[in-house]
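Every number for a ligand or one of its atoms is a count from 1 in the order of the listing.
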Amino acid sequence: MVTFNLDNLVRENIKALTPYSSARDEFKGEARIFLDANENSFGSPLTKWYNRYPDPLQWELKKKIASIKSVKPENILLGNGSDECIDLLIRAFCEPQLDNIVICPPTYGMYEVYANINNVPLKRVPLTPNYQLDLEALSESVDERTKLIFLCSPNNPTANSLLREDVEMILNNFDGLVVIDEAYINFSRQRSFIPDLQDYPNLVIMQTFSKAWGLAALRLGMTIASPEIIDILNKIKPPYNINQATQELAMKALDNLDDVNAMIKEIVAERELLTKELQELSLVEKVYPSDANFVLAKVSDALSIYNFLKDHGIIVRNRSNVILCEGCLRITIGTPPENKELLAKLKQYS
Ligand code: PMP
């Protein structure tokens, strides 16, 4: 067991920061007239509801999310998509040019993008050929300046979940933060790591409204971690990073959990059907088992099939130039008619 000390992880200048607070945060009590924030008191001619700044800490929304996820609102930071959550983690914990982060490719591209934007060195420890963590290579690669390890489970683009015992091994042996990106967790046979937060002070989980909730355009992501970690992220987040319309629509979505769960079931059923039907095509060598809302398929000629589909108005993701995904296309599960059309076009190709 390692000794975890959050204070040693945070960048020095961030330790000293106090979070931005608006006059409205500071004000406690009853008021009818708000002349403190230079909003437009007349309201927009379009609608009178959006003239005020939104709640910077989104308490009502976080309370609802917390009750569904069985955590406290203090365990949650909301981001403008989980992409913002990635950026905030890197900025809070990694000193540019000095600290480093570890990723396990093939994986989600934005960990690398934000490491580059923030000038933080990146170490790549590829997954094994069966898309699991290479624990030996990971332990060799981590050094005293490694602050974050990003794990994606279910992983994009390989679609599989990482083995729980491997992730636990890292949680037990790494004294930086282990970030588990659970963007696709609702489509998975595995359970979330959220209940493990009590056992691991170095665990950070990211989830999003962009996948299972079907609300990618709202840009709403979540970081779920100890209140101490969340407090640090709150110091550096933009004050009004979640807009009012997003907060309202997400609250509505959370009131319709049954509908969302029913839709997830349909997507999973459609995934199994599409997997089976793809496997029957001669141009498909293999469809990897998926725990997500997409499949990774190894095909006879990825680029030419990609172009053929594109010419017929169907866009998939060509991943054939990505390490360990040579010859592969990543295909999002569409609606039943969309999947039928995709299969029909692929049959035409063969
Ligand atoms: N994590 C993973 C693994 C993803 O695949 C994606 C989106 N493709 C995201 C995070 C980003 O999610 P968001 O829309 O919440 O920024």
Side-chain angles (χ1 to χ4, degrees), residues 58 61-62 65 69 76-91 101-117 122 124 127 131-133 148-162 167 177-188 190 192-194 203-225 233 237-238 241-243 245-247 249-250 253-254 260 264 267 271 288 290-296 315-319 322-325 328-334:
Q58 311 100 17
L61 176 54
K62 284 202 266 195
I65 295 172
K69 305 274 173 199
I76 302 173
L77 171 117
L78 298 177
N80 193 292
S82 37
D83 284 348
E84 185 180 44
C85 300
I86 298 168
D87 185 40
L88 291 174
L89 282 164
I90 295 178
R91 281 201 280 134
I101 72 173
V102 168
I103 64 166
C104 301
T107 193
Y108 183 47
M110 292 308 282
Y111 315 135
E112 177 158 0
V113 169
Y114 282 118
N116 290 341
I117 290 171
L122 188 78
R124 294 180 192 82
L127 296 174
Y131 298 152
Q132 290 300 333
L133 295 170
L148 304 171
I149 300 180
F150 279 95
L151 304 178
C152 188
S153 185
N155 186 40
N156 176 5
T158 59
N160 65 308
S161 296
L162 301 175
V167 176
L177 298 181
V178 181
V179 184
I180 308 179
D181 185 343
E182 293 189 338
Y184 299 99
I185 191 67
N186 308 71
F187 306 106
S188 167
Q190 308 293 321
S192 164
F193 270 87
I194 289 177
L203 172 58
V204 176
I205 294 154
M206 293 191 306
Q207 293 189 359
T208 178
F209 279 75
S210 298
K211 313 293 175 184
W213 293 90
L215 295 170
L218 294 192
R219 310 306 300 129
L220 186 62
M222 303 166 251
T223 305
I224 306 173
L233 299 172
K237 83 171 189 69
N241 61 333
I242 311 298
N243 72 67
T246 293
Q247 292 190 41
L249 285 166
L254 287 159
V260 171
I264 293 168
I267 293 171
R271 174 185 79 200
Y288 290 87
S290 172
D291 253 356
N293 68 341
F294 59 88
V295 291
L296 186 71
I315 311 296
V316 297
R317 196 86 199 267
N318 180 8
R319 299 281 74 189
V322 169
I323 180 176
L324 295 172
C325 294
C328 288
L329 298 176
R330 193 194 69 190
I331 305 170
T332 306
I333 308 304

Rounded to the nearest 0.5 Å, what separates atom [atom1] in [X] from atom [atom2] in [Y]?
X: Ile185; Y: Thr208; atom1: CD1; atom2: OG1; result: 13.5 Å
X: Lys211; Y: Asn186; atom1: NZ; atom2: CG; result: 12.0 Å
X: Leu220; Y: Leu215; atom1: CG; atom2: CG; result: 8.5 Å
X: Ile65; Y: Gln58; atom1: CD1; atom2: CD; result: 8.5 Å

| said: Exactly one of Thr332, Val295, Asn293 should register a side chain to side chain contact (heavy atoms under 4.5 Å, CB included) with Arg271. Which one does? | reply: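 The residue from Thr332, Val295, Asn293 that satisfies side chain to side chain contact (heavy atoms under 4.5 Å, CB included) with Arg271 turns out to be Val295.
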| field | Option passing side chain to side chain contact (heavy atoms under 4.5 Å, CB included) with Met206 (candidates Ile86, Leu77, Asp83) | value | Ile86
| message | Taking 4.0 angstrom as the limit and counting only heavy atoms of Cys152, give me the atoms of ligand 1 inside it, by number and element. | response |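 So the atoms of ligand 1 that pass are 3 (C).
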| At a 4.0 Å threshold, what atoms of ligand 1 neighbour a non-hydrogen atom of Ser210? | 13 (P), 14 (O), 15 (O)
| message | Between the side chains of Glu84 and Lys237, is the shortest nitrogen-to-carboxylate-oxygen separation below 4.0 Å, so that they form an ion pair? | response | no
| How are the rings of Tyr184 and Phe187 set relative to one another: parallel (under 30°), tilted (30 to 60°) or perpendicular (over 60°)? |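 Ring orientation, 0 to 90° scale: tilted.
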Looking only at protein heavy atoms, identify the closest one to [atom] and say how far it is in Å.
atom: atom 12 (O) of ligand 1; value: Ser82 OG, 3.1 Å
atom: atom 7 (C) of ligand 1; value: Lys211 NZ, 3.0 Å
atom: atom 16 (O) of ligand 1; value: Arg219 NH2, 2.8 Å
atom: atom 11 (C) of ligand 1; value: Tyr108 OH, 3.2 Å
atom: atom 2 (C) of ligand 1; value: Asp181 OD2, 3.4 Å

| For ligand 1, is there an atom lying under 4.0 Å from some heavy atom of Ala216? |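 Ala216: no contact with ligand 1 (<4.0 Å).
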How does [X] reach ligand 1, if at all, at less than 4.0 Å between non-hydrogen atoms: by side chain, backbone, both, or neither?
X: Glu84; value: neither
X: Met206; value: neither
X: Phe209; value: neither

| query | Purely on distance, is any nitrogen or oxygen of Tyr184 under 3.5 Å from one on ligand 1? | reply | yes
